[in-house]
Protein chains: 2
Amino acid sequence: MTNQHAKVTILDIAQRANVSPSTVSRALRGSAAVSDDKQKAILDAVDELNYRPNIFAQGLASGQSMTIGVLTQNFGSPFYDGILQGILDGLDQTNYWPLFVDGRWQSALEERALNMLLDRQVDGLIVVGGQTSGETVQAFAQKTPLIVAARKLDNLPGRCIYVNNFEAAYKATKHLIDRGHRDIAHITAPMDYATAVNDIQERKRGYKQALTDVGIEPDPRLIVDGNLRQQSGVLAVEMLLGRGRPFSAIFAANDQMAFGARLALYRRGIRVPDDVSLVGFDDESSAAYTIPPLTTVKQPALELGLAAAKAILALINNHTPTIPVFDAELTIRESVARHR
Amino acid sequence: MTNQHAKVTILDIAQRANVSPSTVSRALRGSAAVSDDKQKAILDAVDELNYRPNIFAQGLASGQSMTIGVLTQNFGSPFYDGILQGILDGLDQTNYWPLFVDGRWQSALEERALNMLLDRQVDGLIVVGGQTSGETVQAFAQKTPLIVAARKLDNLPGRCIYVNNFEAAYKATKHLIDRGHRDIAHITAPMDYATAVNDIQERKRGYKQALTDVGIEPDPRLIVDGNLRQQSGVLAVEMLLGRGRPFSAIFAANDQMAFGARLALYRRGIRVPDDVSLVGFDDESSAAYTIPPLTTVKQPALELGLAAAKAILALINNHTPTIPVFDAELTIRESVARHR
DNA sequence: CTGTTAGCGCATTCAG
DNA sequence: CTGAATGCGCTAACAG
């Protein structure tokens with residue numbers, strides 16, 4: 001091909017620098033000391049000839065690929081994208097490169113992707129979210145260093161980096177309670193729904209606990225299932241309204257559904273926050289620009305990704321990874337009013 | 001089972017199937033006919049031993065990596081993510097895998113990323129957006145098959161797949177005109193702003209042309225610069241209002257700024273669409289759930305990505321790629337009212 | 001149709 | 001500190 005690029009080999013620069021190929025290899029990767037003059041000659045030759053090592057050959061010979069496989073879900077989700085950015089940042093000053101694949105929240109695809117990553121000889125794996133079973137993930141963890149981000153897997157202790165969703169939801173609900181609300185509805189997603197199930201269940205648990213702790217019995221009529229998408233927020237509110245059980249606030253398990261809920265309320269002529277207060281979860285970028293701006297929970301996505309990157313690097317170097325505990329912050333905006 | 005994975009080689013399965021390694025290779029990659037019985041024996045051995053080829057070895061020996069490098073910008077932008085999905089889809093049934101890297105809209109990073117992709121022996125390159133100079137991109141195009149998506153580069157004719165932003169903006173503006181508006185403001189971004197410059201300028205051109213075509217002279221007082229982010233939409237409206245030039249509609253060059261504009265109007269007590277109609281660009285998912293739902297331009301991101309994938313595959317196989325022309329559609333929602 | 005023979009480009013022993 | 005030799009796992013001519 002026209003790949004002049006790939007044509008310069010370690011042999012070419014060995015000749016040019018009057019040394020053996022092995023010395024070039026040593027000089028370039030610093031695997032052993034090389035005399036200063038040869039070192040210089042080699043480096044000169046390298047950029048005169050514009051040499052770039054062939055990663056495949058390196059990988060084949062060394063058994064390392066210097067790449068970290070990252071299984072993610074749905075490019076485009078703000079939370080997951082934040083994590084990707086964090087991983088990017090965490091790997092930035094290292095020699096490792098991330099290889100991203102999208103599992104699309106389908107366990108079959110996820111497994112295929114994971115295998116493909118292994119085929120590509122990745123040195124480590126970061127699994128971001130997803131719904132592959134814990135057992136499957138564990139099986140992969142046995143084959144290669146693996147860190148799970150944004151998800152808690154009980155069978156992989158010390159390998160999962162996640163946000164305390166329970167605490168976060170507790171805080172959000174508590175905020176509503178503190179503002180005088182007692183009839184607080186919750187839009188969640190069913191246990192068997194194929195997405196981020198644990199997180200969502202944790203949020204529901206936090207919601208209930210916050211109520212219980214102030215002596216309010218959670219009312220099943222105030223809890224309604226959605227599917228995490230905007231449209232389901234619309235339906236959830238319709239359903240809630242249909243049940244006839246009055247409420248003065250809604251806590252939605254994610255912003256998407258909160259947006260949908262907001263629209264449904266608007267269409268019914270119910271004012272936010274005058275008639276009903278609204279709280280979301282995720283702090284999507286548009287949350288600050290809805291009308292009124294949405295009170296929501298901000299997860300430290302970037303930090304989470306960063307920590308995942310650090311952890312996988314540690315694992316690769318046979319250190320014990322540090323698994324920080326992350327708490328989410330409530331971002332208070334105008335969608336919540338004091339209950340009168 | 002630990003790392004047994006990487007240990008099974010083509011030789012193992014050759015022995016197990018009583019054939020030579022080359023026959024195994026041929027059978028597996030279909031590079032030549034193999035008798036049915038051997039074929040079967042090989043396939044059996046493959047999954048009995050759970051064999052998976054070593055991609056590095058394949059790449060080294062064949063000179064092909066079966067990966068397509070994709071340089072993208074900002075994971076998280078809905079438009080760009082749509083393109084990534086399209087590329088994913090386009091590559092789905094092939095043996096190629098995309099390798100994504102994020103240029104973050106910084107030409108230095110973009111170039112580094114492009115080189116890294118070349119180092120990884122990618123068989124082709126898809127450059128999505130970005131602000132690397134046309135010359136630089138052309139230089140890479142000389143080294144490897146390359147397709148540009150979501151951007152028009154004059155020095156790479158027949159290699160760029162993009163949406164006709166001029167037409168789209170024209171349509172959007174025309175819609176407002178047809179609804180009786182004559183004083184239409186436009187929120188854009190300055191020429192030198194480091195992002196998607198051409199697209200935004202094309203949108204401004206479409207806006208002006210639509211006005212001119214019905215005999216309205218574009219008024220510079222109605223055109224204001226933002227930076228494509230939500231916050232700048234807020235500021236843009238403040239500025240517009242400060243200028244004292246009345247207007248009954250706003251066309252924002254992207255949804256983000258439209259969201260900001262909507263919020264600023266709301267805070268001033270200006271109703272949408274009763275007092276001012278609003279149109280955005282991009283059809284971000286939340287556009288349908290703002291209050292009121294936003295009329296906006298939907299770019300065929302998925303189709304664009306798909307076309308890019310097809311085109312790069314064609315290029316790799318030495319065919320002339322088909323470069324379709326894409327038009328964006330106006331999605332009409334309640335944020336536009338007839339002017340009274 | 002199939003086995004044999006050479007490398008692909010590099011890292012890594014092993015001797016000096 | 002350095003060169004020569006060997007092999008990573010696979011594909012691609014080359015002969016049958």
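So you know, we letter chains A, B, ... as the sequences are listed, proteins then strands, and number each from 1. Because only heavy atoms are used, hydrogens play no part in the values below, and waters and symmetry mates are left out as well, while side chains stay in.
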Task: Interatomic spacing from CZ in B:R16 to CG in B:D44 - rounded to 0.5 Å - done: 9.0 Å
- [ ] Look up atom CG in A:L306 and atom CD1 in A:I83, then write down how far apart they are to the nearest 0.5 Å.
- [x] 11.5 Å
- [ ] Taking Watson-Crick and G-U wobble pairs with both distances under 3.5 Å, convert DNA chain D into its dot-bracket string, 5' to 3', dots for unpaired and | for cross-strand pairs.
- [x] |||||||||||.||||
Open item on the list: Once you apply a heavy-atom cut-off of 4.0 Å, does A:V19 come out as touching a base, just sugar-phosphate, or nothing?
Closed with: sugar-phosphate
Open item on the list: Check this for me: B:D36, atom CG, are more than 12 non-hydrogen atoms of other residues, nucleotides or ligands nearer than 6.0 Å?
Closed with: no
Task: Main-chain N/O of A:N155 paired to A:Q138 side chain as donor or acceptor, under 3.5 Å - done: yes
Task: d(CD1, B:I13; P, C:dG3) in whole Å - done: 12 Å
Task: B:G130 backbone acceptor or donor facing B:R151 side chain under 3.5 Å - done: yes
- [ ] Would you indicate which nucleotide in D:dT2, C:dT2, D:dG9 comes nearest to any side-chain atom of A:T23?
- [x] D:dT2
- [ ] Measure the distance from CG on A:D119 to P on D:dG9 and round it to the nearest whole Å.
- [x] 14 Å
TODO: To the nearest Å, give me how far apart CD1 (B:I10) and P (C:dG7) are.
DONE: 19 Å
Open item on the list: Just to be sure I understand the rule, does A:S35 reach a base, reach only the sugar-phosphate, or reach nothing, if contact means heavy atoms closer than 4.0 Å?
Closed with: sugar-phosphate
Open item on the list: Whether B:S22 contacts C:dG3 is assessed here as follows: a side-chain N or O lying under 4.0 Å from the phosphate OP1 or OP2. Is that the case?
Closed with: no
- [ ] Compare side-chain N and O positions of B:S20 against OP1 and OP2 of C:dT4 and report whether any pair is under 4.0 Å apart.
- [x] no
Task: Touch class at under 4.0 angstrom, heavy-atom based, for A:V34 against every strand present - done: sugar-phosphate
Task: Interatomic distance, B:L11 CG vs C:dT4 P [rounded to whole Å] - done: 11 Å
- [ ] Round to a whole Å and report the spacing from CG of B:N18 to C1' of C:dG3.
- [x] 13 Å
Task: Distance below 4.0 Å between B:T9 side-chain N/O and D:dC8 OP1 or OP2 - done: no
Open item on the list: From CG of B:L28 over to P of D:dG9, roughly how many Å is that when rounded to an integer?
Closed with: 16 Å
Open item on the list: Distance check, rounded to the nearest 0.5 Å: A:F56 atom CZ versus A:Q121 atom CD?
Closed with: 9.5 Å
Open item on the list: Whether the side chain of B:D123 engages the backbone of B:S65 through a donor-acceptor N/O pair (distance < 3.5 Å, no angle test) should be reported.
Closed with: yes
Open item on the list: If you compare every side-chain N and O of B:R29 against the phosphate oxygens of D:dA12 (OP1, OP2), does one of them come in below 4.0 Å?
Closed with: yes
Open item on the list: Working to the nearest 0.5 angstrom, can you tell me the gap between B:R159 CZ and B:L315 CG?
Closed with: 4.5 Å
TODO: Take the protein atom CG of B:L60 and the nucleotide atom P of C:dC10, then report the distance between them rounded to whole Å.
DONE: 9 Å
TODO: Measure from CG on B:N54 to P on C:dG9 and round the result to the nearest Å.
DONE: 16 Å
Open item on the list: Quick check on C:dA11: is either OP1 or OP2 less than 4.0 Å from any side-chain nitrogen or oxygen of A:Q58?
Closed with: yes
Open item on the list: Let's see if you can work this out: which of D:dC10, C:dC10, D:dG9 has an atom nearest to the side-chain heavy atoms of A:P53?
Closed with: C:dC10
- [ ] Answer yes or no: does a side-chain N or O of B:K38 lie under 4.0 Å from OP1 or OP2 of C:dT2?
- [x] yes
Task: Residues from residues 39-47 of chain B lying under 4.0 Å of DNA chain D - heavy atoms - done: none
Task: Distance (rounded to the nearest 0.5 Å) between B:I323 CD1 and B:K310 NZ - done: 14.0 Å
- [ ] Output yes when a side-chain donor or acceptor of A:E303 lies under 3.5 Å from a complementary backbone atom of A:F326, and no otherwise.
- [x] no
- [ ] Ignoring backbone atoms, test whether A:R26 places a side-chain nitrogen or oxygen under 4.0 Å from the OP1 or OP2 oxygen of C:dT12.
- [x] no
